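Everything numeric here is computed off the predicted structure, so don't read it as measured data.
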Amino acid sequence: MTELYPPIEPYEHGMLDVGDGNRVYWESCGNPEGKPALVLHGGPGAGAGPFWRRLFDPAAYRIVLFDQRGCGRSTPDAADPRTSLDVNTTPRLIADIELLRRHLGIGEWLVIGGSWGVTLALAYAEQHPGRVSELVLFSVTNTTRREVEWVTRDMGRIFPEEWARFRDTVPEGERDGSLVEAYARMLADPDPDVRERAAREWCRWEDVHVSTHPGHKPDPRYEDPDFRLRFARLVTHYWRHAGFLGDGALLRDAGRLAGIPGVMIHGRMDISGPPDVAWRLAQVWPDAELVLIGTEGHGLSGDATTEAVQAATDRFRPGRSA
């Protein structure tokens with residue numbers, strides 16, 4: 001097993017008013033005088049769990065975590081169907097990051113992200129390259145319409161029985177259209193039973209398509225009905241809008257990353273996020289190293305991926321040469 005850094009607790013935390021009626025939870029851990037590093041969690045809607053703190057040397061880094069709008073400890077909670085998602089968009093998340101950076105008095109920071117957090121990290125870095133010292137990215141996604149179609153429809157060829165259940169949860173007349181749109185409509189249904197069924201089946205499918213690595217276990221967070229609804233609402237909201245980004249924009253604008261050192265870590269068995277997304281980005285971002293791990297899948301699915309992520313943060317520690 002990979003030896004992570006020891007568990008630590010925040011030395012400060014708070015709720016930041018980011019406008020639009022939203023307040024985001026943030027925390028700082030490690031060394032208050034250390035190198036700033038920002039964590040961008042996945043999902044959208046997964047929240048920033050404490051395991052992220054353990055990917056950094058706490059003596060070297062000032063580790064900043066925050067829960068993106070609508071999830072984790074931020075308010076209002078997207079698990080409440082009355083919470084509007086109209087002001088929950090990528091441009092607003094990028095603005096939240098900048099507001100948090102200024103609130104904490106940070107000039108620039110290393111940014112780490114996984115899965116959806118990669119999409120957000122790339123969008124932020126391309127808009128504010130002068131604020132990003134390095135990027136550490138794993139399970140690379142761009143949240144394009146093609147990627148959304150891959151996850152919600154094409155992967156039925158790999159998991160046919162499970163995908164048929166996922167498809168057949170939506171009304172019969174909507175099964176040949178956009179499944180993410182159909183699920184988003186169900187998750188907004190006034191009937192709580194319809195919302196619960198959609199959230200449960202969406203999260204069941206999420207667990208399937210990340211299950212390619214040996215020893216996979218179902219995500220216990222999906223046992224919580226509030227987490228299921230929060231997560232499913234936010235994922236479908238962002239996916240139906242292709243991440244609120246121009247389709248293919250992150251790849252087209254990757255030239256803005258010039259001069260930012262980066263490490264991209266991706267499992268070759270990541271069916272949820274095929275490796276060609278990371279490979280294509282590596283072709284146009286010369287300052288990035290692509291690490292493909294042969295046996296692993298999506299997320300921190302095994303020791304080799306976790307070890308590679310921790311090695312990347314160690315590489316960028318103060319006093320170490322990148």
Side-chain angles (χ1 to χ4, degrees), residues 2-5 8 28-31 34-43 46 48-66 68 93-94 97 100-101 106 108-143 250 254 256-267 270 273 275 277-279 281-282 284-293 296 298-322:
T2 300
E3 189 66 30
L4 296 174
Y5 286 104
I8 54 175
S28 296
C29 313
N31 181 355
K35 177 176 181 172
L38 174 69
V39 166
L40 297 180
H41 64 71
F51 79 92
W52 288 95
R53 307 168 189 162
R54 302 184 63 191
L55 296 172
F56 297 87
D57 181 346
Y61 280 101
R62 178 185 178 186
I63 311 154
V64 179
L65 287 71
F66 84 104
Q68 295 159 29
L93 295 185
I94 292 172
I97 294 169
L100 178 60
R101 182 188 62 77
I106 292 172
E108 64 173 17
W109 41 17
L110 177 151
V111 177
I112 183 172
S115 193
W116 156 254
V118 174
T119 295
L120 182 56
L122 290 169
Y124 173 71
E126 289 180 5
Q127 187 167 330
H128 299 284
R131 301 304 183 188
V132 179
S133 57
E134 300 92 9
L135 285 164
V136 176
L137 310 173
F138 63 91
S139 301
V140 177
T141 68
N142 285 182
T143 316
L250 294 181
R256 298 176 184 175
L257 303 174
I260 301 176
V263 179
M264 292 187 289
I265 299 138
H266 205 95
D270 187 346
V277 177
W279 184 83
L281 185 58
V284 293
W285 179 16
D287 300 287
E289 174 190 356
L290 175 59
V291 179
L292 284 174
I293 300 178
E296 300 206 359
H298 197 74
L300 295 180
S301 57
D303 284 350
T305 301
T306 305
E307 182 177 322
V309 172
Q310 187 169 303
T313 65
D314 283 347
R315 178 196 303 190
F316 295 131
R317 279 183 305 194
R320 292 286 297 272
S321 172

The test is side-chain contact (heavy atoms from CB on, under 4.5 Å); show your working for Val263 and Val291 and say whether it passes. CA-CA 7 Å; Val263 179; Val291 179; 4.2 Å; yes

Tyr61 and Asn31, any side-chain heavy atoms less than 4.5 Å apart: no

For a 4.5 angstrom cut-off between non-hydrogen side-chain atoms, does Leu55 reach Leu300? yes

Assess the side chains of Thr143 and Thr119: does a donor N or O sit below 3.5 Å from an acceptor N or O? yes

Does some side-chain heavy atom of Ile106 sit less than 4.5 Å from a side-chain heavy atom of Val64? yes

Strictly below 4.0 Å, N to O, side chains only: are Lys35 and Glu108 in salt-bridge contact? no

Minimum heavy-atom separation for Gly30 to Ile8, with atom names? N-CD1, 3.8 Å

In short, His298 meets Gly273 closest at the heavy-atom pair ND1-N, 4.1 Å

Among side-chain atoms of Trp116 and Gln68, is any donor-acceptor pair under 3.5 angstrom? yes

Does some side-chain heavy atom of Phe66 sit less than 4.5 Å from a side-chain heavy atom of His41? no

Start with the C-alpha gap between Met264 and Trp279, add the side-chain angles, then the distance that decides, and say whether side-chain contact (heavy atoms from CB on, under 4.5 Å) holds. CA-CA 9 Å; Met264 292 187 289; Trp279 184 83; over 6 Å; no

Got Val111 and Ile97 here, is their nearest side-chain heavy-atom distance under 4.5 Å? no

Between the side chain of Glu134 and the main-chain N/O of Ile260, is any donor-acceptor distance below 3.5 Å? no

Leu122 to Thr141 - nearest heavy-atom pair and separation: CD1-O, 4.3 Å

Donor-acceptor check, side chain of Ser133 to backbone of Leu110, threshold 3.5 angstrom: yes or no? yes

For residues Asp314 and Phe56, determine if any side-chain heavy atom of one lies less than 4.5 Å from a side-chain heavy atom of the other. no

When you compare the side chain of Ile63 with that of Ser28, does any pair of heavy atoms fall below 4.5 Å? no

Between Phe316 and Pro261, which heavy-atom pair has the shortest distance, and what is it? CE2-CB, 4.1 Å

Please give me the minimum heavy-atom distance between Leu292 and Pro275, naming the atom from each residue. CD2-CB, 4.0 Å

Distance in Å, Leu4 CG paired with Gln310 CD, rounded so as to fall on 0.5 Å steps: 5.5 Å

Identify whether the distance between the nearest side-chain nitrogen and carboxylate oxygen of Arg315 and Glu289 falls below 4.0 Å. yes

For Ala278, all residues meeting side chain to side chain contact (heavy atoms under 4.5 Å, CB included), sequence neighbours excluded: Val140, His266, Leu290

Between the CD1 atom in Ile265 and the OG1 atom in Thr305, the distance rounded to the nearest 0.5 Å is 8.0 Å

Glu126: partners by side chain to side chain contact (heavy atoms under 4.5 Å, CB included), with sequence neighbours left out: Leu250, Asp253, Ala254, Arg256, Leu257

Output the distance between atom CZ (Arg101) and atom NE2 (His128), rounded to the nearest 0.5 Å. 8.0 Å

Show your reasoning for whether ring pair (Phe, Tyr, Trp, His ring centres under 6.0 Å) applies to Trp52 and Phe138. CA-CA 13 Å; Trp52 288 95; Phe138 63 91; 5.7 Å; yes

For Gly259 and Asp287, work out which heavy atoms get closest and say how close. N-OD2, 2.7 Å

I'd like to know if the side chain of Thr306 reaches the main chain of Asp303, judged simply by a donor and an acceptor atom lying under 3.5 Å from each other, with no hydrogens or angles considered. no

How long is the gap from OH on Tyr124 to CG on Leu93, to the nearest 0.5 Å? 12.5 Å

Side chains of Leu120 and Ile94: does their closest heavy-atom pair fall under 4.5 Å? yes

Checking Ile112 against Leu137 for the side-chain contact (heavy atoms from CB on, under 4.5 Å) test, could you report, in this order, the C-alpha distance in whole Å, the side-chain angles of both residues, the deciding distance, and whether it holds? CA-CA 6 Å; Ile112 183 172; Leu137 310 173; over 6 Å; no

